[in-house]
Amino acid sequence: MESKVSEGGLNVTLTIRLLMHGKEVGSIIGKKGETVKKMREESGARINISEGNCPERIVTITGPTDAIFKAFAMIAYKFEEDITNSMSNSTATSKPPVTLRLVVPASQCGSLIGKGGSKIKEIRESTGAQVQVAGDMLPNSTERAVTISGTPDAIIQCVKQICVVMLESPPKGATIPYRPKPASTPVIFAGGQAYTIQGQYAIPHPDQLTKLHQLAMQQTPFTPLGQTTPAFPGLDASPPASTHELTIPNDLIGCIIGRQGTKINEIRQMSGAQIKIANATEGSSERQITITGTPANISLAQYLINASSADPDPHGRNTFPA
């Protein structure tokens, strides 16, 4: 089977799509894009990485089959190197396998699984790699994730066999490609409408947040955009200001304050609430946070504080542009 691919390899151009987490993408791009540049030059494949502020990104590899296999080999060995490096700092004794996630049109997954699972079993046995085809399609698409894990060599052999199947069984009908959704971007509210920050722009946000905000605002008068808004809407003369207290574990407080206070200032700015964080008390594993403002300001501040503590992203993925 392999010889068949390599014989026709120079004439056949294939496109393989991979789904990766931000950390994996960072590893492939490398410092100043040096790693991906080297991969492109040495493999001869086109490697494109989807744009966007997303926790997941799509990496598209296009080229003759032999170029694709070279690119896959380089990615698999790079991931193994990352695992080895992370092992040196941990106490784990067993080395986890390299894992790649392919995105395959659902219409080709039947051929990949084979009658009664015969094809996927054959691929597993002949390559030594673990292969799993997701039962459900990826959101808003007609594609499924195919997860391959094992040693880099097993993964390369496995990708070769998957390519053979994909060449022999082209997709049927139109394929709606999977596009990862953006990460939770900051949300600001103005004039009863929610906006998300994308780059330097505020984009109207159509989802539930607007409805939530409008519900909250029905109880309190709100100064529309364009009129003079006080620095803290919660301390305006008309809406009654109230105070709410939260206790947050010490180990999460850093995520909420952010580097040099950037995160907490952003939460203050977005929610319009006053937020005070009590000093750490000896022997206590928690810190007190006092939020002052209108009920809407307080609920928005609480939402943003919870979002920050639930997503302790060191890169400040969901922060305002500088």
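Reckoned from all heavy atoms, side chains included, excluding hydrogens, waters and symmetry mates.
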Below 4.5 Å, heavy atoms only, C-beta onward: do Thr99 and Ile148 meet side chain to side chain?
-> no
Which heavy atom in Ala71 sits nearest to a heavy atom in Ser43, and how many Å separate them?
-> N-CB, 3.6 Å
Residues that Pro170 engages under side-chain contact (heavy atoms from CB on, under 4.5 Å), provided they are two or more places apart = none
Ignoring hydrogens and angles, state whether a donor on the side chain of Thr262 or Asn265 is under 3.5 Å from an acceptor on the partner side chain.
-> no
Passing candidate, side-chain contact (heavy atoms from CB on, under 4.5 Å) with Ile75, options Ile156, Val159, Ile61 | Ile61
Evaluate the side chain to side chain contact (heavy atoms under 4.5 Å, CB included) criterion for residues His21 and Val25: first the C-alpha distance (whole Å), next the side-chain angles of each, then the deciding distance (0.1 Å), finally the verdict.
-> CA-CA 6 Å; His21 293 299; Val25 170; over 6 Å; no
Asn48 side chain vs Thr60 backbone, donor-acceptor pair below 3.5 Å | no
Gap separating the CD1 atom of Ile49 from the CD atom of Glu51, nearest 0.5 angstrom | 9.0 Å
What's the spacing between Thr65 OG1 and Phe72 CZ if we round to 0.5 Å?
-> 12.5 Å
So which heavy atom on Pro152 is nearest to which on Tyr77, and how close?
-> CB-CE2, 3.5 Å
Any chain of hydrophobic side-chain contacts (each under 4.5 Å) joining Met20 to Met74?
-> yes
So which pairs with a foot in residues 139-151 pass salt bridge (Lys or Arg N to Asp or Glu O under 4.0 Å), sequence neighbours left out?
-> Arg17-Glu143
Taking all non-hydrogen atoms of both residues, which atom of Leu19 and which atom of Glu24 are closest, and how far apart?
-> O-OE1, 4.4 Å
Does Ile155 share a hydrophobic cluster with Val165, counting links as ILVMFWY side-chain heavy atoms below 4.5 Å and allowing steps through other members?
-> yes
Does CG belonging to Asp136 count more than 12 external heavy atoms closer than 6.0 Å?
-> no
Ala174 and Thr142 have their tightest heavy-atom pair at O-OG1, 4.1 Å
Can you name the residues that form a side-chain hydrogen bond (donor to acceptor under 3.5 Å, both in side chains) with Lys38, not counting sequence neighbours?
-> none
Just by distance, do the side chain of Thr175 and the backbone of Pro177 share a donor-acceptor pair under 3.5 Å?
-> no
Which residues pass the side-chain hydrogen bond (donor to acceptor under 3.5 Å, both in side chains) test with Ser126, sequence neighbours left out?
-> Gln161
At what distance, to the nearest 0.5 angstrom, does CD1 of Ile16 lie from CD1 of Ile162?
-> 8.0 Å
Kindly give the heavy-atom pair with the smallest separation between Asn250 and Ser284, and that separation in Å.
-> ND2-O, 3.1 Å
Is there a side-chain contact between Thr147 and Val131, using heavy atoms and a 4.5 Å cut-off?
-> no
Side chains of Arg268 and Gln274 in contact at under 4.5 Å (non-hydrogen atoms) = no
Donor-acceptor pairs are to be reported for all side-chain atoms of residues 102-116 against protein atoms at under 3.5 Å, with residues two or more places apart or in another chain.
{"from": "Ser107", "atom 1": "OG", "to": "Lys172", "atom 2": "N", "distance (Å)": "3.0"}
{"from": "Gln108", "atom 1": "NE2", "to": "Met166", "atom 2": "O", "distance (Å)": "3.3"}
{"from": "Gln108", "atom 1": "NE2", "to": "Ser169", "atom 2": "O", "distance (Å)": "2.9"}
{"from": "Ser111", "atom 1": "OG", "to": "Ser169", "atom 2": "OG", "distance (Å)": "3.2"}

Are side-chain heavy atoms of Ile305 and Ile267 found at a separation under 4.5 Å?
-> yes
Check whether any side-chain heavy atom of Phe79 sits under 4.5 Å from a side-chain heavy atom of Ile28, and report yes or no.
-> yes
Apply salt bridge (charged side-chain N to carboxylate O under 4.0 Å, His left out) to Lys31 and Glu34, showing your working.
-> CA-CA 6 Å; Lys31 271 191 187 153; Glu34 282 166 15; over 6 Å; no
Exam field: side chain Arg57 to backbone Ser50, donor-acceptor pair closer than 3.5 Å | yes
Interatomic spacing from CD1 in Ile289 to CD1 in Ile275 - rounded to 0.5 Å | 7.5 Å
With sequence neighbours left out, what residues match Thr15 under side-chain hydrogen bond (donor to acceptor under 3.5 Å, both in side chains)?
-> Thr62
Contacts of Lys95 that satisfy side-chain contact (heavy atoms from CB on, under 4.5 Å) - sequence neighbours left out = Glu80, Ile83, Thr84, Met87
Same cluster for Tyr178 and Leu18 if Ile/Leu/Val/Met/Phe/Trp/Tyr side chains link at under 4.5 Å?
-> no
Looking at CG of Asp66 and CZ of Phe69, how far apart are the two atoms once the value is rounded to the nearest 0.5 Å?
-> 8.0 Å
Output the distance between atom CD1 (Ile291) and atom CD1 (Ile277), rounded to the nearest 0.5 Å.
-> 9.5 Å
Least distance between heavy atoms, His244 atom then Ile298 atom | CB-CG2, 3.6 Å
Applying salt bridge (Lys or Arg N to Asp or Glu O under 4.0 Å), which residue pairs with at least one partner in residues 283-297 are found, sequence neighbours left out?
-> none
Could you check Arg46 against Arg40 for side chain to side chain contact (heavy atoms under 4.5 Å, CB included), going step by step and ending with a plain yes or no?
-> CA-CA 6 Å; Arg46 282 214 311 274; Arg40 285 176 181 137; over 6 Å; no
Is there side-chain contact between Ile123 and Cys158, with at least one heavy-atom pair below 4.5 Å?
-> yes
Partners meeting side-chain contact (heavy atoms from CB on, under 4.5 Å) with Lys78 (sequence neighbours left out) = Ser27, Thr35, Met39, Glu81, Asp82
Applying salt bridge (Lys or Arg N to Asp or Glu O under 4.0 Å), name anything that partners Glu125, two or more places apart in sequence or on another chain.
-> Lys121
Does Asp251 have any side-chain hydrogen bond (donor to acceptor under 3.5 Å, both in side chains) partners at least two apart in sequence or in another chain, and if so, which?
-> none
Within one Ile-Leu-Val-Met-Phe-Trp-Tyr cluster: Ile29 and Leu100, side-chain cutoff 4.5 Å = yes
Is there side-chain contact between Glu245 and Gln288, with at least one heavy-atom pair below 4.5 Å?
-> yes
Not counting sequence neighbours, which residues clear salt bridge (Lys or Arg N to Asp or Glu O under 4.0 Å) with Arg101? List them please.
-> Glu56
Decide yes or no for Lys263 and Ile257: does some side-chain heavy atom of the first lie under 4.5 Å from some side-chain heavy atom of the second?
-> no
